[in-house]
2 protein chains.
Amino acid sequence: MKGKATSIDIAHLAGVSQSTVSRALRNSPLVNKETTEKVKQIAKELNYKVDKHASSLRTQQSNTLALLIFADPTSDNSLINPFFLSMLGSITQASAKHDYDLLLSFQQSSDDWHADFEDSQKADGIILLGYGDAVDFAPKLKQLDEQGTHYVRWGPPANNLPSICCDNKSGGYQATQHLLSENHSRIAFIGDASVHCPEFFERYQGYAEALIKAGHPIEPKLQTDSISTEQSGYEATMKLLKADQNFTAIFAASDLIAIGAIKAIKESGKHIPTDFSIVGFDDIQIARFMNPPLTTIRQDTSTAGEALVETLLDNIKGNLQQQILLNPELIVRNSSRTV
Amino acid sequence: MKGKATSIDIAHLAGVSQSTVSRALRNSPLVNKETTEKVKQIAKELNYKVDKHASSLRTQQSNTLALLIFADPTSDNSLINPFFLSMLGSITQASAKHDYDLLLSFQQSSDDWHADFEDSQKADGIILLGYGDAVDFAPKLKQLDEQGTHYVRWGPPANNLPSICCDNKSGGYQATQHLLSENHSRIAFIGDASVHCPEFFERYQGYAEALIKAGHPIEPKLQTDSISTEQSGYEATMKLLKADQNFTAIFAASDLIAIGAIKAIKESGKHIPTDFSIVGFDDIQIARFMNPPLTTIRQDTSTAGEALVETLLDNIKGNLQQQILLNPELIVRNSSRTV
DNA sequence: CTGAAAGCGCTTACAG
DNA sequence: CTGAAAGCGCTTACAG
């Protein structure tokens, strides 16, 4: 009978009907206490577990959430963005807390991912983490919404679609403000500051605001595009260094970019923070171990993960679409201050 | 009809029976080419997806794998062992490649986790990553096996149960050999070298073998217990430093321990690698960014993840239980050599 | 408080 | 090549 007992087996043994077994196992108040006890006892002995597929088919809900992580196009394809990875933990934990299973999937920018999960009833809703180009992504999101799929996305609010995000502008402002307070005025921004990458764009807005407030001009030449990888950050920084823009600090739009930037600076024979101060964004695990330890803007992945799950669950229950902004926090380490 | 089309809807529209629709969608050679085309066309228009629960209920298989990660008891409970996290990627990818979904779950050392997944038909098999105490874990493993659950475990082979593991003894040998070649002879081992932690125990065996081969004695006082966390590694190292054992190198049983060890050494005002050389184990992402970059024994998580999935799938197909040993590789960085 | 029955949406012998 | 039918194992009105 190894792991194969059904509610009918229990019914036979308990001398009740299969419906009563089902009710008892679900703690229905309709069932007599003693009957319930007896049924549960037998179920335990048989090592019985409710068949997930049968019950899901019947109730039309799977009690499962799907987490889709969109890989950034990295050169090293096995490297998943560590920031997302750290969010994984809290999302998994939050799902479990609400008695939901979590289906995990890493996506390439394939065409029909959006339909796969909820339509096949694999999941009651999906959590979206990361994406390639925001402009390409938007129509897919819209389609999800039109299909009535339950989902929540990590990213800046757009079109009133459900999303959780940190306040990137505030983060950018804090980072820049910090560098200004360390007496820098020519601060480079490394990251794609365009609608194709709204996160970075917002960080750039915060950067610009801080500069303006301090009476400094915004110089487009101090901005260089980069996607969120070490390699890209390295190349962008090299380009900037060669352009001889006479800057003394870098605000990297992500920690991964900052890692590349630091590598470039070291290779150029310059020193951090004496020649260049650097601030990153995310506070990935690596940041505090770096040489020098990286000043950065922390996004609280723990809170974020929980918020994602709870918003999605709300959404599934039919509550209003939500947009939540989390507060980022400046973490000062030695890449931006002289010790 | 939003995401709610069934095979019957398609049957009506195509003017065939529901059985034919089902066959056509599964590319049955029995069905007429044109009929198949037509059915698929309509399915696409309706955005139809086969209902996972209905098909799984019928076929009695879920095409899903469950990955259970057992959290080490860390002080910082949100921190999942980065080594496991990096294995996640390849496991997910390998599952997808074989058309299996992946269910993710972080486990505390709860009592009845072992029954939950396969018995409820949620998964066709499970992958086990990490555990607390190996001695406590063994009976659960045995029960899994007796229940006929399909599973594979990351860890040293034991009792002929299916497992994938790196050759820890060889890794320990390589690490120690390397330190010996750098002219160290009094080398401390930090990690729990007992049956409660077979991985570390095997690494210790390799360490001992290398020492003996080089004609050096094994000194029990140079070994201190530690679980695989930064904090524990820090405390163990502090203890060792105070015991004044006159050692010049440390082989830490994991990178996390090495991180703690380095912290302890720095706090004691000593310098790496001039006062102490350090070698870790795992090659987690952080290792190469540390100050100094950490010499370590790399376990190839990419190969490991794939091997886990493929062994499990083999197991599900009824093939013999397998045990695979992967080769670890010494990565020399500046924590163990003077530059 | 309990039971008999319907039905969730598939897959697959069985019959033609 | 196609269709009618059974059945996977549940949950839940419906009737008592």
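In what follows, chains carry the letters A, B, and so on, assigned in the order in which the sequence lines appear, proteins first and then strands, with residues in each chain numbered from 1.
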Query raised in the report: What is the nucleic acid contact for Ser55(A), judged by heavy atoms within less than 4.0 Å: base, sugar-phosphate only, or nothing?
Result: sugar-phosphate
Query raised in the report: Within the pair Ser7(B) and dG9(C), is there a side-chain N or O less than 4.0 Å away from OP1 or OP2?
Result: no
Query raised in the report: Under 3.5 Å, is there a donor-acceptor pair between the Asn63(B) and Lys122(A) side chains?
Result: no
**Report entry** Closest to the Thr6(A) side chain, choosing from dG3(C), dC10(C), dC10(D)
**Finding:** dC10(D)
Query raised in the report: Between Gln61(A) (CD) and dG9(C) (P), how many Å, whole number?
Result: 14 Å
**Report entry** More than 12 heavy atoms of other groups within 6.0 Å of Leu30(A) CG
**Finding:** yes
Query raised in the report: Angle class for the Phe83(B)/Trp154(B) ring planes (parallel below 30°, perpendicular above 60°, tilted otherwise)?
Result: tilted
**Report entry** Distance-only donor-acceptor check, side chains Ser17(A) and Thr20(A), under 3.5 Å
**Finding:** yes
Requested in this report: For Ser22(B), answer base if it contacts any base atom (sugar-phosphate contacts may also be present), sugar-phosphate if it contacts only those atoms, and nothing otherwise; contact means non-hydrogen atoms under 4.0 Å.
Outcome: base
Query raised in the report: Roughly, in whole Å, what's the span from CG in Asp51(B) to P in dG9(D)?
Result: 17 Å
**Report entry** N or O in side chain of Gln60(A) less than 4.0 angstrom from dG9(C) OP1/OP2
**Finding:** yes
Query raised in the report: Does Arg58(A) make a side-chain donor-acceptor contact with the base of dG9(C), cut-off 3.5 Å?
Result: no
Report task. Can you tell me, in whole Å, how much space there is between the C1' of dG16(C) and that of dT12(C)? Result -> 16 Å
Query raised in the report: In whole angstrom, what separates Lys49(B)'s NZ from dC10(C)'s C1'?
Result: 16 Å
Query raised in the report: Hey, which of these two, Leu57(B) or Val16(B), hits DNA chain D nearer its 5' end, going by closest nucleotide?
Result: Val16(B)
Query raised in the report: Looking at Thr20(B), does any N or O in its side chain come under 4.0 Å of the phosphate oxygens OP1/OP2 on dG3(D)?
Result: yes
Requested in this report: Write down the distance between CG (Asp9(B)) and C1' (dC10(C)), rounded to a whole number of angstrom.
Outcome: 13 Å
Query raised in the report: Can you list the steps and then say if Tyr48(B) with Lys40(B) is a side-chain contact (heavy atoms from CB on, under 4.5 Å)?
Result: CA-CA 9 Å; Tyr48(B) 169 84; Lys40(B) 286 193 171 179; over 6 Å; no
Under 3.5 Å donor-acceptor pairs involving side-chain atoms of residues 304-314 of chain B, not counting sequence neighbours:
unit_1	atom_1	unit_2	atom_2	d
Glu310(B)	OE2	His98(B)	NE2	3.2
Thr311(B)	OG1	Ala307(B)	O	2.7
Asp314(B)	OD2	Gln322(B)	NE2	2.9

Query - Whole-Å distance separating the NZ atom of Lys52(A) from the C1' atom of dC8(D) - result: 16 Å
Query - Whole-Å distance separating the CZ atom of Arg26(A) from the C1' atom of dT12(D) - result: 9 Å
Report task. Tell me which nucleotide among dC8(D), dA5(D), dA13(D) gets nearest to the side chain of Arg23(A). Result -> dA13(D)
**Report entry** Rounded distance [0.5 Å steps], CD1 in Ile69(A) versus CG in Leu67(A)
**Finding:** 4.5 Å
Report task. Spell out, as yes or no, whether a donor-acceptor pair under 3.5 Å connects the side chain of Ser56(B) to the backbone of His53(A). Result -> no
Query raised in the report: Base, sugar-phosphate alone, or nothing: which one does Ser19(B) contact when heavy atoms must sit under 4.0 Å apart?
Result: base
**Report entry** Spacing of the P atoms in dT2(C) and dA6(C) (rounded, Å)
**Finding:** 23 Å
Query raised in the report: Is the backbone N or O of Ser62(A) less than 3.5 Å from a side-chain atom of Asp124(A), with the two atoms forming a donor-acceptor pair by type?
Result: yes
Query raised in the report: Does the gap between the ring centers of Phe106(A) and Phe70(A) come in under 6.0 Å?
Result: no
Requested in this report: May I have the distance from Asn63(B) (atom CG) to dC10(C) (atom C1'), rounded to whole angstrom?
Outcome: 14 Å
**Report entry** Closest-nucleotide ordering on DNA chain D, the 5'-leading residue of Ser17(B) and Ala54(B)
**Finding:** Ser17(B)
Query raised in the report: Once Watson-Crick and G-U wobble pairs under 3.5 Å are found, how is DNA chain D written in dot-bracket notation, 5' to 3', with | for any base paired to another strand?
Result: |||.||||||||.|||
Query raised in the report: Going from CG on Asp136(B) to CG on Leu141(B), what distance comes out if it is rounded to the nearest 0.5 angstrom?
Result: 12.5 Å
**Report entry** Residue-level proximity of residues 28-38 of chain A to DNA chain C when a heavy atom falls under 4.0 Å
**Finding:** Pro29(A), Leu30(A), Val31(A), Asn32(A), Thr35(A)
Requested in this report: To the nearest Å, give me how far apart CD (Gln18(B)) and P (dG7(C)) are.
Outcome: 16 Å
